[in-house]
Participant: 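Attaching a single structure in structure tokens format; questions to follow.
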Amino acid sequence: MKEKLYPFGSIEKKWQKYWNDAKLFNMDTNSNKEKYYCLVMFPYPSGKLHVGHGRNYIIGDALVRYKMMKGYNLLSPIGWDAFGLPAENAAIKDKLHPKKSTLNNISIMKQQLVQWGVGYDWTREVTSCMPDYYKWTQWIFLKLLEKGLAYKRKAAVNWCPSCKTVLANEQVLNGFCERCETKVIEKDLEQWFFKITDYAQRLLDDIGGLKDWPERVKAMQGNWIGRSKGVNIDFSVEGDDIKLSCYTTRVDTIFGVTYMVLAPEHPLIAKLIENNPDKEKILSFITKVRQEEKIARQAADVEKEGIFIGRYVINPVNNKKIPLWIGNYVLMEYGTGAVMAVPAHDERDFEFAKKYKLDIEVVIDNPKEHINVSGMRSAYIEDGIMVNSEKFNSLNNREAMEKIADWMQEEKTGKRSVHFKLRDWLISRQRYWGAPIPIVYCEKCGIVAVPEDELPVLLPEDVTFSGNKLRGQSPLAGSKEFVNTKCPKCKGSAKRETDTMDTFVDSSWYYLRYLSPGDSNKPFHKELVNRWLPVDQYIGGVEHAILHLLYSRFITKVLYDLGYVDFNEPFKALFTQGMIIKNGAKMSKSKGNVVSPDTLIERYGADTIRLYTLFIGPPEKDAEWNDRAVEGAYRFLGRLWRLVDKVSKASKVEGKAKSNKDLERKIHQTIEKVTKDIEGDFKFNTAISSVMELVNAAYLCFDKENSLLVKEAAKTAVILLAPFIPHIAEELWQRLGNSPSIFNYPWPKYDKIKAEEDILILPVMINNKLRSRITIEKAASEERIKEAVLADDKVNAWIGEKKIKKFIVVPGKLLNIII
RNA sequence: GCCGGGGUGAUGAAAUUGGCAAACAUGACGGACUUAAAAUCCGUUGGCCGAACAGGCCUUAAGGGUUCAAAUCCCUUCCCCGGCACCA
């Protein structure tokens, strides 16, 4: 064991206790200071935290402490996203009840957070698996149900034939079950959904107002919602009064339609093939395609397959008769499940048409090179000039797209429409460790909501987690006391819903609960929530870019529409921190590359880990953990400690005027730089490096002249670093003669004039190459500068006899002479 | 394929209204201190030519352009990471 550079162990314990006793992080509802709500994504209690997890909390804590010094009234809460699969899987494997393992993990992680020195208002802790919390998750379900935003329907879900259970999407890896590696198939089951699609347009539009969200997150959400603009066109079936509706974004190609393809799941197929002699063949084709795993079928590289069903439809714009096919490449979930095929201008249709020798008709010509159908090797998908399109010929296709849409609207052959990729949110889980869906099934009354005053529907604790008889159902189905109940309406016998809710429902509203965590009468306090939200800064991993953040936005909008909150978006600003990588991979227990904070805290102290974590690189970027560089952070803390030790006795200004002035300037420049770096984009790495420069400068000054100013420099370094390394900062602050807590002191202000250089060293370039430097006072006029430059020996040597063509002076920056 | 973000020393990285490329740190090397080591303090450290801490040339993925001036702006190409993807 190496010798300690400073007694971090006792210092850290001392100040952690002090903050706790002083209730430093307890939010004061009555304060009249401006509010600041800093939220970190609440953790899933998985066991022990590693240094990768720490980045999130350390960034949040640094910001909270900084804002505190800036004079804000801080709300910095924490809680536990405590329902979920891993706890249940552990229950099956280790026979440990999920409640026990979860609560145990929470206490371990809580201790780790305290050791890290991250400050939270622990009086506001929420735990989503406790009845006093999930009661209100159930309440949210009821509100959505009342509003018609929760509904039950049969849906195709991921089914593992070996485990005989439904899998969540995230449990399906490339089409295989993550546990037993069996191929996952599609199965129709009755499931509960939230109608998020009703909010698609608003969720998309309001992305525009999220100015302080990362571009990539906004792009991902926009992508996911996937709005497209097009036209719906009805094609009538020849010899029948059926109409087949299809959706296209390329109505400019309507004259080039040569066949139509239906998804194998299309509901009208049965009727269309009723009298077909090849009915059996067609049905067996459909069965074959539907048996293929959904995931595999949706991949673009799967060979296109189809079958002609002996029927024709009429293209409404030109009355052309075109054959009707079924194809494996058409999806029932998107659009209408029927596609008008334009092989000349769509790659997929082209591939299909070539394979089955279907007609190809060019309707958009390449303006650079005339397209010849017989010579086509692939579809022409670029823009071009309209051909074979009657009165739209010779128009540019983009222009024609609008004109055709208008014309079809007038003729009532088509209707402009908008489609989204976003699907409704499937919230049912055949799992135990989640909030029970508050629904009862009554033989007489049907689906009945559990009345609000009967909430919570308690999750029974004595259930069986494994065993053959339960396969395919939630373990709750095995608990008779739970399942058998009375109908709230008719009081007759009824059965409870045994599925639980997706844990993303729990986490879609937790940030509201922090304002009134103990309230047993309502989910959240309207007035407090309206005062404190939207969250000023949300911090978390980019892996939640879509699901959690989209669901939270959705639930907030629903609550807004129902009049429970006055804000429409929950998170004003979002920061997504990068991952910590070790040996080229994300830290994880299964990869065995986790770095434990506990041993590092023991060896170097929490402040070292905090400093290193913030110094490692730009916080939004992934970063490789480097044990040697951790030691560098530790060395710096030792250096800071010794500097304060040296200067704490200084009491006289003794230095030479010039170096005093230099150091004073450096102090103010550093305050400016650190403030701007934190306020800007959380550039903690460069903020820290500039304080390191200040400390280096103070060292160089100290040896020559033991002045009060060096003490001032040390003091400044300590206070500027306080948000990053709070324990040592408190200690040094006290040793410098101040009373605790440093976080009650105002953040230092810089003096713009003192920060300014008065003497400039201007680089002189000749023909764009650096040749000399001149020293000149800041206020020098352009004339004065020219004079000084032309008096410089080096400059004269380079110019020689040559003529000066141009003399460029960039004030305060440099000079360039062109000869 | 589409969308988003990137590519700078041995390494993590600085520098973005265009203005000294490589701050700060890690590693390496050297000096002081020490019986010695550790720790500490002080230096050197992009590449090439060169005896030189003379001087010069080159250098921000590659190529071109704009400009007195480009890591930064524009065009072309390549590569890496993330998301979406047979979405009609």
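Convention: sequence-line order gives letters A, B, ...; per-chain numbering from 1.
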Participant: Distance between the C1' atoms of B:U35 and B:C24, in whole angstroms?
Facilitator: 37 Å
Participant: Classify the side chain of A:N223 versus the base of B:C84 as yes if they form a donor-acceptor pair under 3.5 Å and no if they do not.
Facilitator: no
Participant: Is there, by distance only and without an angle test, a donor paired with an acceptor across the side chain of A:R773 and the base of B:C20 below 3.5 Å?
Facilitator: yes
Participant: Between B:G82 atom C1' and A:E620 atom CD, what is the distance in whole Å?
Facilitator: 14 Å
Participant: Starting from P on B:C68, measure out to CZ on A:R771 and report it in whole angstrom.
Facilitator: 20 Å
Participant: Between P on B:G19 and CD1 on A:I774, what's the gap in Å once rounded to a whole number?
Facilitator: 20 Å
Participant: Tell me, yes or no, whether the heavy-atom count around A:K243 atom NZ, taken from other residues, nucleotides or ligands under 6.0 Å, exceeds 12.
Facilitator: no
Participant: A:T613 vs A:V51, test: side chain to side chain contact (heavy atoms under 4.5 Å, CB included). Steps then yes/no.
Facilitator: CA-CA 8 Å; A:T613 302; A:V51 294; 5.6 Å; no
Participant: Pick base, sugar-phosphate or nothing for A:K769, based on heavy-atom distances below 4.0 Å to the nucleic acid.
Facilitator: sugar-phosphate
Participant: Any donor-acceptor pair under 3.5 Å between the side chain of A:K805 and the base of B:C68?
Facilitator: no
Participant: Between B:A15, B:G19, B:A88, which one does the side chain of A:K683 approach most closely?
Facilitator: B:A15
Participant: How close do A:A353 and A:Y259 get, counting heavy atoms only, and between which atoms?
Facilitator: N-OH, 3.8 Å
Participant: Using a 4.0 Å heavy-atom cut-off, does A:P214 contact any base of the nucleic acid, only the sugar-phosphate backbone, or nothing at all?
Facilitator: nothing
Participant: Need one value for A:F807: base, sugar-phosphate or nothing, where a base atom within 4.0 Å counts as base even if backbone is also close, heavy atoms only.
Facilitator: nothing
Participant: What is the glycosidic conformation of B:G9: syn, defined as within 90° of 0, or anti?
Facilitator: syn
Participant: For B:A14 and A:N685 - does any side-chain N or O of the residue sit under 4.0 Å from the phosphate oxygens OP1/OP2?
Facilitator: yes
Participant: Tell me: NZ of A:K621 to P of B:A14, nearest whole Å?
Facilitator: 6 Å
Participant: Given atom CD1 of A:I761 and atom P of B:C20, what is their separation to the nearest angstrom?
Facilitator: 15 Å
Participant: If the P atom of B:U76 is compared with that of B:G1, how far apart are they to the nearest Å?
Facilitator: 16 Å
Participant: Considering heavy-atom distances to RNA chain B, does A:R628 or A:S689 have its closest nucleotide positioned more toward the 5' end?
Facilitator: A:S689
Participant: Take atom C1' in B:C53 and the same atom in B:U40, then report the distance between them in whole Å.
Facilitator: 26 Å
Participant: Less than 4.0 angstrom between a side-chain N/O of A:R635 and OP1 or OP2 of B:U26, yes or no?
Facilitator: yes
Participant: Which one, B:A88, B:C24, B:C68, comes nearest to the side chain of A:V330?
Facilitator: B:A88
Participant: Pick base, sugar-phosphate or nothing for A:W798, based on heavy-atom distances below 4.0 Å to the nucleic acid.
Facilitator: sugar-phosphate
Participant: Determine the Euclidean distance between corresponding P atoms of B:U8 and B:C3; express it in Å to zero decimal places.
Facilitator: 24 Å
Participant: At under 4.0 Å between heavy atoms, what does A:N696 touch on the DNA or RNA strands: base, sugar-phosphate, or nothing?
Facilitator: sugar-phosphate
Participant: For the rings on A:F352 and A:Y329, is their centre-to-centre separation under 6.0 Å?
Facilitator: yes
Participant: Under 4.0 angstrom, heavy atoms only, what part of the nucleic acid is A:I808 near: base, sugar-phosphate, or nothing?
Facilitator: base
Participant: If we ignore hydrogens and angles and just use 3.5 Å, is the side chain of A:T258 paired with the main-chain N or O of A:D359 as donor and acceptor?
Facilitator: yes
Participant: Specify the residue among A:I616 and A:I818 whose closest nucleotide of RNA chain B lies further upstream toward the 5′ end.
Facilitator: A:I616
Participant: Please report the distance, rounded to the nearest Å, between CD in A:E672 and P in B:A23.
Facilitator: 21 Å
Participant: Which nucleotide sits closest to the side chain of A:L5: B:C86, B:G43, B:A39?
Facilitator: B:A39
Participant: Just say parallel, tilted or perpendicular for the rings of A:W325 and A:Y356, cut-offs at 30° and 60°.
Facilitator: tilted
Participant: How is A:L814 classified with respect to the nucleic acid when contacts are heavy atoms under 4.0 Å: base, sugar-phosphate, or nothing?
Facilitator: base
Participant: Can you classify the ring geometry of A:Y634 versus A:F8 as parallel (below 30°), tilted (30 to 60°) or perpendicular (above 60°)?
Facilitator: perpendicular
Participant: Nearest of B:C68, B:C24, B:C84 to any side-chain atom of A:K421?
Facilitator: B:C84
Participant: Closest approach to the side chain of A:P618, judged atom by atom: which nucleotide of B:C84, B:A88, B:A14 is it?
Facilitator: B:A14
Participant: Would you indicate which nucleotide in B:A88, B:A15, B:C86 comes nearest to any side-chain atom of A:N328?
Facilitator: B:C86
Participant: Determine the interplanar angle of the A:H345 and A:Y380 rings, folded into 0 to 90°, and report it as parallel if under 30°, tilted if 30 to 60°, perpendicular if over 60°.
Facilitator: perpendicular
Participant: Do the side chains of A:K320 and A:I314 get nearer than 4.5 Å, heavy atoms only?
Facilitator: no
Participant: Distance check, P atoms only: B:U66 and B:A54, in whole angstrom units.
Facilitator: 39 Å
Participant: Please report the distance separating the C1' of B:A88 from the corresponding atom of B:U77, rounded so that it comes out in whole Å.
Facilitator: 32 Å
Participant: Is there a side-chain polar atom (N or O) of A:R216 under 4.0 Å from OP1 or OP2 of B:C84?
Facilitator: no
Participant: Specify the separation, in whole Å, of atom CD of A:E215 and atom P of B:G82.
Facilitator: 20 Å
Participant: Can you measure A:D622 atom CG to B:G7 atom C1' for me and round it to whole angstrom units?
Facilitator: 15 Å
Participant: Does B:G30 have a Watson-Crick or wobble mate here (both distances under 3.5 Å), and if so which one?
Facilitator: B:C42
Participant: Heavy atoms from C-beta onward define the side chain here; which of B:C86, B:A69, B:C42 lies closest to that of A:N816?
Facilitator: B:A69
Participant: Under 4.0 Å between a side-chain N or O of A:Y247 and OP1 or OP2 of B:A88?
Facilitator: no
Participant: Check every strand shown and say whether A:G632 touches a base, only sugar-phosphate, or nothing at a heavy-atom separation below 4.0 Å.
Facilitator: sugar-phosphate
Participant: Would you mind telling me which of B:A88, B:A15, B:C68 lies closest to the side-chain atoms of A:S228?
Facilitator: B:A88
Participant: Quote, to the nearest angstrom, the P distance that separates B:A52 from B:A61.
Facilitator: 30 Å
Participant: Taking only N and O in the side chain of A:R639, is any of them less than 4.0 Å away from OP1 or OP2 of B:C42?
Facilitator: yes
